[in-house]
Amino acid sequence: MLINLSDVLSEYHKTIEKDCLVEMEDFRSELGTFPITKKGNLHIVIEHIKGRELFIKGNVELTIAIPCDRCLKDVPTEFRLDFEKTVDLCESTDAQKDELDEKNYIDGYHLDVDKLLYNEILIEWPMKILCSDDCKGICNVCGQNLNEGTCDCEDTSLDPRMSVIRDVFKNFKEV
Ligand SMILES: [Zn+2]
Ligand SMILES: [Zn+2]
């Protein structure tokens, strides 16, 4: 969705307040494509502060399905985005490039809501995703999800003498 900024830029202290539909269906980055499974409306406030400077404030809640780092099962991950920023539309294009396309969501007199959100999601992207803290992952040999069941790969790859030690260890733990 595009928000027309020409009206808010026509006068100082003019404000736009809107609830916008998020059109993005999935989040694409160099890590892959992740479906957005739940989304609220983006509540956004845009205020013309001075010159060509805008103050932008927004919040939205989204859920994105991200695979667990260990077992690859999709984990519904909540993003509660809440941001505030000041944008100077006058800054030279060189300065904009230095900001890693921070303002790529403003094109002329239009603000692209989805592009703005894309940047915010990227900032909040978690370093690590686990379906649970004790996720057992998948078997490297057969791909079995070890949270859902066991496989025989591990036992055959281990030295039989090791399994004796393991049993001792197990018994020890149970005491
Ligand atoms: Zn997992
Ligand atoms: Zn296996």
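Counting begins at 1 with the first residue of the sequence. Below, each value reflects all heavy atoms present in this structure, side chains not excepted, and no hydrogens, waters or symmetry copies.
- Between Leu9 and Leu89 there is a side-chain heavy-atom pair separated by less than 4.5 Å.
- In this structure the side chain of Cys151 reaches within 4.5 angstrom of the side chain of Leu146, judged on heavy atoms.
- Counting heavy atoms from C-beta on, the side chains of Asn119 and Asn104 come closer than 4.5 Å.
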Please lay out, stage by stage, how Lys85 and Leu116 fare under the test side chain to side chain contact (heavy atoms under 4.5 Å, CB included).
-> CA-CA 11 Å; Lys85 53 181 77 223; Leu116 172 68; 4.2 Å; yes
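- The ring-ring contact (aromatic ring centres under 6.0 Å, His included) search around Phe27 returns Tyr118, Trp125, not counting sequence neighbours.
- With hydrophobic clusters built from ILVMFWY side chains whose heavy atoms lie under 4.5 angstrom apart, Val113 shares a cluster with Tyr109.
- Atom-to-atom distance recorded for Lys57:NZ and His43:NE2 is 7.5 Å, nearest 0.5 angstrom.
- In the hydrophobic cluster analysis, where Ile, Leu, Val, Met, Phe, Trp and Tyr join through side-chain heavy atoms closer than 4.5 angstrom, Phe55 is grouped apart from Val8.
- The two residues Ile129 and Pro67 make their nearest non-hydrogen contact at CG2-O, 3.5 Å.
- Tyr12 meets the ring-ring contact (aromatic ring centres under 6.0 Å, His included) test with His48; sequence neighbours excluded.
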Evaluate the salt bridge (charged side-chain N to carboxylate O under 4.0 Å, His left out) criterion for residues Lys39 and Glu23: first the C-alpha distance (whole Å), next the side-chain angles of each, then the deciding distance (0.1 Å), finally the verdict.
-> CA-CA 9 Å; Lys39 52 191 177 186; Glu23 282 160 4; over 6 Å; no
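- Here the closest heavy-atom approach between residue Asp74 and residue Pro76 is recorded as O-CD, 3.9 Å.
- If you chain together hydrophobic residues whose side chains sit under 4.5 Å apart, Met1 and Leu5 fall into the same group.
- Environment of CG in Asn140: sparse, with no more than 12 heavy atoms of neighbouring residues, nucleotides or ligands closer than 6.0 Å.
- Leu130 and Leu31 fall into different hydrophobic clusters, defined by Ile, Leu, Val, Met, Phe, Trp and Tyr side-chain heavy atoms under 4.5 Å apart, directly or through other members.
- Dense packing is recorded around CZ of Arg52, with more than 12 heavy atoms of other residues, nucleotides or ligands lying under 6.0 Å away.
- The two atoms that bring Val60 and Gly40 nearest to each other are CG2-O, 3.7 Å, heavy atoms only.
- Here the OG1 atom belonging to Thr86 is positioned 10.0 Å from the CD atom belonging to Glu47, to the nearest 0.5 angstrom.
- We find the CE-CD1 distance between Met24 and Ile121 to be 4.0 Å, quoted to the nearest 0.5 Å.
- The line from CD of Glu120 to CZ of Phe83 is 5.0 Å long, rounded to the nearest 0.5 Å.
- For Asp107, the CG atom sits in a loose shell: 12 or fewer heavy atoms of surrounding residues, nucleotides or ligands are nearer than 6.0 Å.
- The shortest side-chain heavy-atom distance between Val75 and Lys73 does not fall under the 4.5 Å cut-off.
- With Tyr105 as the fixed residue, the side chain to side chain contact (heavy atoms under 4.5 Å, CB included) test singles out one of Ile3, Ile56, Leu2: Ile56.
- Atoms SG and CD1, from Cys20 and Ile44 in turn, are 6.0 Å apart once rounded to the nearest 0.5 Å.
- Although no hydrogens or angles enter the test, the distance criterion places a donor-acceptor pair under 3.5 Å between the side chain of Thr37 and the main chain of Thr63.
- Considering every non-hydrogen atom in both Pro35 and Asp26, the closest pair reads CA-CB, 3.7 Å.
- Taking a 6.0 Å sphere around NZ of Lys115, one finds it holds 12 or fewer heavy atoms contributed by other residues, nucleotides or ligands.
- One distance of note links NZ of Lys18 with CG of Leu42; it measures 11.0 Å at 0.5 Å rounding.
- Here the side chains of Asp7 and Ile16 are not in contact, with every heavy-atom distance at 4.5 Å or above.
- Heavy-atom neighbours of Lys14 NZ from other residues, nucleotides or ligands within 6.0 Å: above the threshold of 12.
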